[in-house]
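Presented below is the structure to which this report refers.
Only a predicted model underlies this, so the values are computations on that prediction, with no experimental measurement involved.
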Amino acid sequence: MEIEIYSLPAEERKTKPHPSNLGFGQHFTDHMFLMNYTQDRGWDHPRIVPYQPIQLDPAALVLHYAQAVFEGLKAYHGQDGKIRLFRPDMNARRLNASAERLCMPTIEPDLFIEAVKTLVRLEKGWVPQAEGASLYIRPTMIATEPALGVRPALEYLFFIIASPVGAYYKEGFNPVKIMVTDKYVRAVPGGIGHTKAAANYAASLKAAQEAQTQGYSQVLWLDAREKRFVEEVGTMNIFFLFKEALVTPPLSGSILPGVTRDSVICLAREWGIEIQERPITINEILEGLEKGEVLEIFGTGTAAVISPVGLLHYKGKDYTINQGETGPLAERFFQEITGIQYGTRPDPSGWTVLVD
Ligand SMILES: *Cc1c(COP(=O)(O)O)cnc(C)c1O
């Protein structure tokens, strides 16, 4: 399918924000990608148009029953002047897995990747060059059909918007304080926790807000049934470095299959680090911390890449990890993955895709 491009005349384009002041998701580029789905025509009319509000019928099914899924990936401006995407095929497949779970139509991965590339190519000037900065890309699918019956919609909109974002760690690679919640849960077995469904994030806000009020930056989620097994940290996957192995919870259905998680697992294998994907209880971790057997804890996700955890708060008690400092393994993963993303380290697995 040919992607039509309606580009904005140069004089109507926005002034770009100052690179030192980007923040996250506060500025949007000049254009966006759109594509419509109807039952008769399937996905149709892929196009790039000037960034603008979208019109929705107030009865659009997404507004009532939350048929909405999204993705998150980045374009990186390398020191060699090239722009790279990181494993966009995984985002394409995960979007389809999310869509299937919510009875939404899937998109050919090649078309998804072409749409991302075409938009980034047009918005090249928006990919920031400051160290650690990038262009965050947000592909999203919503149900647009106006109807109030609780059933899968017959019409959808897929759009991609892009936002220049600053370095996640402006003041260095700082460990975060995390509150383990045994009050709220993120996902239940058989639910939608393994998808990037918008509804998951609405459900998580209260826990994050309460944690932040108490001085913690995010929550660590436990399993919904027994509140014993560790699942994720905020909107990141989580890893524990024990003396003998690097451990992360398995993709059991309530955990989001992160691209960064997979990349960390692949690198650990290459580096000869013993890696275990297995259920792990909060007690095993807290005991491990007290005995000095848990050396590092870190979260993984596209936004931060690696987010070291310096402290866990559980049932009124604080547990410090690695004296609250970033550990060497977290640092090594961060340097390796960002090095591949910005083209300063070799990419033997072919993870990056050039936007030419
Ligand atoms: C997106 C997300 C992640 C991380 O996935 P990446 O592909 O590594 O960015 C982890 N957990 C949740 C809940 C997420 O939404």
### Message
Set out, in order, the CA-CA distance, both residues' side-chain angles and the distance that settles side chain to side chain contact (heavy atoms under 4.5 Å, CB included) for Glu232 and Ile238, then state yes or no.
### Response
CA-CA 5 Å; Glu232 298 199 59; Ile238 190 159; 5.5 Å; no
### Task
May I ask you to check whether Tyr156 and Gln67 show a side-chain donor-acceptor distance below 3.5 Å?
yes
### Query
Taking the side chain as C-beta and beyond, is there a heavy-atom pair between Thr344 and Thr338 under 4.5 Å?
no
### Distance-only polar pair, side chains of Gln335 and Glu331, donor-acceptor under 3.5 Å
yes
### Message
Any carboxylate oxygen within less than 4.0 angstrom of a Lys/Arg side-chain nitrogen, looking at Arg278 and Glu284?
### Response
yes
#### Entry: Under 3.5 Å: donor-acceptor pair, side chain of Glu296, backbone of Leu329
yes
### Message
One pair to check against side chain to side chain contact (heavy atoms under 4.5 Å, CB included): Val69 and Lys196. What are the steps and the verdict?
### Response
CA-CA 6 Å; Val69 295; Lys196 265 184 137 61; 5.7 Å; no
### Query
Side-chain heavy atoms under 4.5 angstrom apart, residues restricted to Ile, Leu, Val, Met, Phe, Trp, Tyr: same cluster for Met35 and Tyr37?
yes
### Query
Is the backbone of Gly193 close enough, under 3.5 Å, to the side chain of Arg186 for a donor and an acceptor to pair up by distance?
yes
### Task
Give the minimum heavy-atom separation between Thr302 and Gly72, together with the two atoms involved.
OG1-O, 3.8 Å
### Task
Decide yes or no for Lys117 and Pro88: does some side-chain heavy atom of the first lie under 4.5 Å from some side-chain heavy atom of the second?
no
### Query
Out of Thr260, Thr352, Asp262, which one pairs with Arg87 under the side chain to side chain donor-acceptor pair (under 3.5 Å) rule?
Asp262
### Task
Consider only side-chain heavy atoms of I, L, V, M, F, W and Y, link residues closer than 4.5 Å, and tell whether Val180 and Leu289 are in one cluster.
yes
### Message
Whether the side chain of Arg47 engages the backbone of Tyr6 through a donor-acceptor N/O pair (distance < 3.5 Å, no angle test) should be reported.
### Response
no
### Query
Are Arg121 and Asp356 close enough for a salt bridge, meaning some N to O gap below 4.0 Å?
yes
### Message
With a sphere of 6.0 Å drawn around NZ of Lys14, does it hold more than 12 non-hydrogen atoms of other residues, nucleotides or ligands?
### Response
yes
#### Entry: Considering all heavy atoms, the nearest Thr326-Ala330 contact
CG2-CB, 4.3 Å
### Message
Between His77 and Lys124, is there a side-chain heavy-atom distance shorter than 4.5 Å?
### Response
no
### Message
In the structure I gave you, are the side-chain heavy atoms of Thr144 and Asp57 within less than 4.5 Å of one another anywhere?
### Response
no
### Side chain Thr29, main chain Trp126, donor-acceptor under 3.5 Å
no
### Pair Phe70-Tyr201, ring-ring contact (aromatic ring centres under 6.0 Å, His included): steps then yes or no
CA-CA 11 Å; Phe70 66 92; Tyr201 304 84; 5.1 Å; yes
### Query
In Å and rounded to the nearest 0.5 Å, what is the CD1 to CD distance from Ile280 to Glu231?
12.5 Å
### Task
Indicate the atoms forming the closest heavy-atom contact of Thr181 with Lys183, along with that distance.
OG1-N, 3.2 Å
### Message
With a 3.5 Å distance limit and no angle check, can you tell me whether Thr281 reaches the backbone of Arg228 through a side-chain donor-acceptor pair?
### Response
no
### Message
Looking at Glu145 and Arg151, is there a salt bridge between them, counting it only when a charged N and a carboxylate O are closer than 4.0 Å?
### Response
yes
### Query
When rounded to the nearest 0.5 angstrom, what distance separates CG in Leu311 from CD1 in Ile321?
6.0 Å
#### Entry: Test applied, ring-ring contact (aromatic ring centres under 6.0 Å, His included); reference residue, Phe334; option that passes from Phe173, Phe298, Tyr168
Phe173
### Task
Show the numbers, then the answer: is there a side chain to side chain contact (heavy atoms under 4.5 Å, CB included) between Val127 and Val355?
CA-CA 11 Å; Val127 186; Val355 177; over 6 Å; no
### Query
Can you find a pair of side-chain heavy atoms, one from Asn91 and one from Leu85, that are under 4.5 Å apart?
no
### Message
So does Ala303 get a backbone contact from the side chain of Lys74, meaning a donor-acceptor N/O pair under 3.5 Å?
### Response
yes
#### Entry: Greater than 12 external heavy atoms within 6.0 Å of Gln55's CD
no
### Query
Within the distance-only criterion (no hydrogens, no angle test), does the side chain of Lys243 pair as donor or acceptor with the backbone N or O of Leu295 below 3.5 angstrom?
no
#### Entry: Straight-line distance of Leu34 CG to Ile161 CD1, nearest 0.5 Å
10.5 Å
### Task
State whether the number of non-hydrogen atoms from other residues, nucleotides or ligands found under 6.0 Å of Gln212 atom CD is greater than 12.
yes
### Close side-chain approach of His31 to Arg13, heavy-atom, < 4.5 Å
yes
## Note on the structure
The reported gap from OG in Ser254 to CH2 in Trp221 (rounded to nearest 0.5 angstrom) is 12.0 Å
### Query
Transitively linked via ILVMFWY side-chain contacts under 4.5 Å: Ile48 with Met141?
yes
### Message
Just checking Glu131: does its CD atom have more than 12 heavy atoms from other residues, nucleotides or ligands closer to it than 6.0 angstrom?
### Response
no
### Task
Would you please indicate yes or no on a ring centroid separation below 6.0 angstrom for Phe112 and Trp43?
no
### Query
Just wondering, do Ile306 and Thr300 contact through their side chains at under 4.5 Å, heavy atoms?
yes
### Query
Measuring from Ile265:CD1 to Phe333:CZ, what's the distance to the nearest 0.5 Å?
9.5 Å
### Query
Could you state the interatomic distance from CD1 (Ile340) to CZ (Arg345), rounded to the nearest 0.5 Å?
8.5 Å
### Task
Using modelled atom types only, decide if a donor and an acceptor are shared between the side chain of His27 and the backbone of Lys16 within a distance under 3.5 Å.
no
### Task
For Asn200 and Thr195, indicate whether the former's side chain and the latter's backbone hold a donor-acceptor pair under 3.5 Å.
yes
### Derivation and outcome, side chain to side chain contact (heavy atoms under 4.5 Å, CB included), residues Leu312 and Ile178
CA-CA 5 Å; Leu312 287 180; Ile178 297 294; 3.8 Å; yes
### Message
Does Glu277 have more than 12 heavy atoms from other residues, nucleotides or ligands lying within 6.0 Å of its CD?
### Response
yes
### Message
Please find the pair of heavy atoms, one from Ile192 and one from Ala199, that lie closest to each other, and give the distance.
### Response
CD1-CB, 4.3 Å
### Message
With a 4.5 Å cut-off on side-chain heavy-atom distances among I, L, V, M, F, W and Y, is there a chain of contacts connecting Phe86 to Leu119?
### Response
no
### Message
I want to know whether Tyr314 and Tyr319 have ring centres closer than 6.0 Å.
### Response
no
### Query
Would a distance-only check, ignoring hydrogens and angles, find a side-chain to backbone donor-acceptor pair under 3.5 Å from Glu71 to Ala92?
no
### Message
Minimum heavy-atom separation for Ala59 and His64, please, with both atom names.
### Response
CA-NE2, 3.6 Å
## Note on the structure
With Ile297 as partner, the option from Ile285, Leu220, Leu241, Val230 fulfilling side chain to side chain contact (heavy atoms under 4.5 Å, CB included) is Ile285
### Task
Please tell me if the side chains of Phe33 and Ile3 come closer than 4.5 Å, counting only heavy atoms from C-beta onward.
yes
### Query
Closest approach of Pro164 and Leu135, non-hydrogen atoms and distance?
N-CD1, 3.5 Å
### Query
If you group Ile, Leu, Val, Met, Phe, Trp and Tyr by side-chain heavy-atom gaps below 4.5 Å, do Ile142 and Ile160 land in one group?
no
### Summary
By salt bridge (Lys or Arg N to Asp or Glu O under 4.0 Å), Asp347 pairs with (sequence neighbours left out) none
